[in-house]
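Before any comments, here is the structure.
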Amino acid sequence: MHLDIRDEACSAEADLELCRTAPMPWISDSYLYLGLANFWRGRWEEALEHFKDAVDLETPGFLAGSEWSRLLLARAYAGATSEANAMLRERSDKLPQLGRPNPGGTWYLLFAAIEGLAVLGERAECGALYPLILEVVSAGAVTDG
C-alpha cells in the first residue's frame, strides 16, 4: 500500500474541521496529523507549529504525551538541539518504568527520545535507554510510533 502524504494532509484538515464544528475533544489529534504530514515532507517549521497546537490541546488519558513526543522529535530534526535537550530533561521522569505496566504515552516518549537523541548525536544518552527498549521488545509490543 502506498501512502500519499497529500491524502494524509487532506484527511487531517477534514478531521480538524469536524472537530472544530462538532466541538470534539480530540482536536489535538487533528493537529498531530497535520504535523505529521508536514514532518514527513520535511517542513519542520509547519510541523512544529501543528505539534505545538496539539500539545496545547492534548486530552488526558492512556496516550497522553504522544503529542509532546512528536514535538520533541520535530525539534530534534529541525536542529533545535537546546530546545530538544531541554524537553528531554523536563520529562525524563515520564519515561516508562522497568518491570511495571506503563501508559502508551510513556512509550511514545521513549521512542521519540531515542530517535531524537540519535538525530542529535547523543549516543551515550541513547544507550542509557536500551534496557527499556529490551523490555518493550521482550513483551512483544507493537506500535505504529
Side-chain angles (χ1 to χ4, degrees), residues 1 3 5 7-9 11-41 43-145:
M1 181 174 140
L3 172 67
I5 296 173
D7 291 342
E8 185 72 24
S11 296
E13 289 167 2
D15 188 66
L16 177 60
E17 187 58 30
L18 173 66
C19 287
R20 283 183 175 152
T21 58
M24 299 173 77
W26 306 283
I27 195 166
S28 65
D29 289 346
S30 303
Y31 286 107
L32 180 68
Y33 302 144
L34 286 167
L36 287 170
N38 282 292
F39 181 81
W40 293 328
R41 290 175 172 153
R43 296 178 181 169
W44 311 127
E45 291 306 315
E46 292 94 334
L48 284 166
E49 289 307 312
H50 290 303
F51 290 145
K52 287 176 191 173
D53 290 338
V55 167
D56 290 342
L57 298 167
E58 183 178 56
T59 55
F62 179 74
L63 292 177
S66 58
E67 284 91 344
W68 189 92
S69 68
R70 297 297 184 161
L71 177 59
L72 164 67
L73 200 52
R75 283 188 171 153
Y77 274 93
T81 305
S82 60
E83 292 92 340
N85 281 324
M87 287 181 74
L88 282 168
R89 284 190 303 277
E90 173 189 323
R91 295 250 177 132
S92 63
D93 63 328
K94 304 289 187 214
L95 289 168
Q97 303 297 308
L98 283 172
R100 62 170 223 158
N102 292 281
T106 64
W107 294 110
Y108 277 104
L109 175 56
L110 175 66
F111 303 143
I114 290 172
E115 186 174 347
L117 287 166
V119 167
L120 296 172
E122 305 285 350
R123 294 176 55 113
E125 289 83 355
C126 269
L129 299 174
Y130 187 66
L132 289 168
I133 289 296
L134 286 179
E135 181 167 316
V136 74
V137 168
S138 69
V142 178
T143 181
D144 66 353

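Starting from 1, each residue takes its place in the sequence as its number.
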Which distance, rounded to the nearest 0.5 Å, do you find between the [atom1] of [X] and the [atom2] of [Y]?
{"X": "S66", "Y": "D29", "atom1": "OG", "atom2": "CG", "result": "7.0 Å"}
{"X": "L73", "Y": "I114", "atom1": "CG", "atom2": "CD1", "result": "11.5 Å"}
{"X": "L129", "Y": "L134", "atom1": "CG", "atom2": "CG", "result": "11.5 Å"}
{"X": "F51", "Y": "L72", "atom1": "CZ", "atom2": "CG", "result": "11.0 Å"}

Original post:
Any side-chain heavy-atom pair from F39 and R70 closer than 4.5 angstrom?
Top reply: no
What side-chain donor-acceptor pairs closer than 3.5 Å can you find for residues 116-126, not counting sequence neighbours?
none

Original post:
What residue among L71, L32, L36, N38 forms side chain to side chain contact (heavy atoms under 4.5 Å, CB included) with H50?
Top reply: N38
**OP:** Name all residues meeting the side-chain hydrogen bond (donor to acceptor under 3.5 Å, both in side chains) criterion together with S28; count only those two or more places apart in sequence or in a different chain, and write none if there are none.
**Re:** E67
Work out which heavy atom in [X] is nearest to a heavy atom in [Y]; give both atom names and the distance.
{"X": "W107", "Y": "L132", "result": "CZ3-O, 3.8 Å"}
{"X": "N102", "Y": "F62", "result": "O-CE1, 4.1 Å"}
{"X": "W68", "Y": "L88", "result": "CH2-N, 4.3 Å"}
{"X": "L110", "Y": "P96", "result": "CB-CD, 4.0 Å"}
{"X": "W44", "Y": "A78", "result": "CB-CB, 3.7 Å"}
{"X": "A47", "Y": "G35", "result": "CB-O, 3.5 Å"}

Original post:
According to the salt bridge (charged side-chain N to carboxylate O under 4.0 Å, His left out) rule, which pairs have a member within residues 45-64, sequence neighbours left out?
Top reply: E49-K52
**OP:** Could you note down all residue pairs passing side-chain hydrogen bond (donor to acceptor under 3.5 Å, both in side chains) where residues 71-90 supplies at least one of them, sequence neighbours left out?
**Re:** Y77-E115
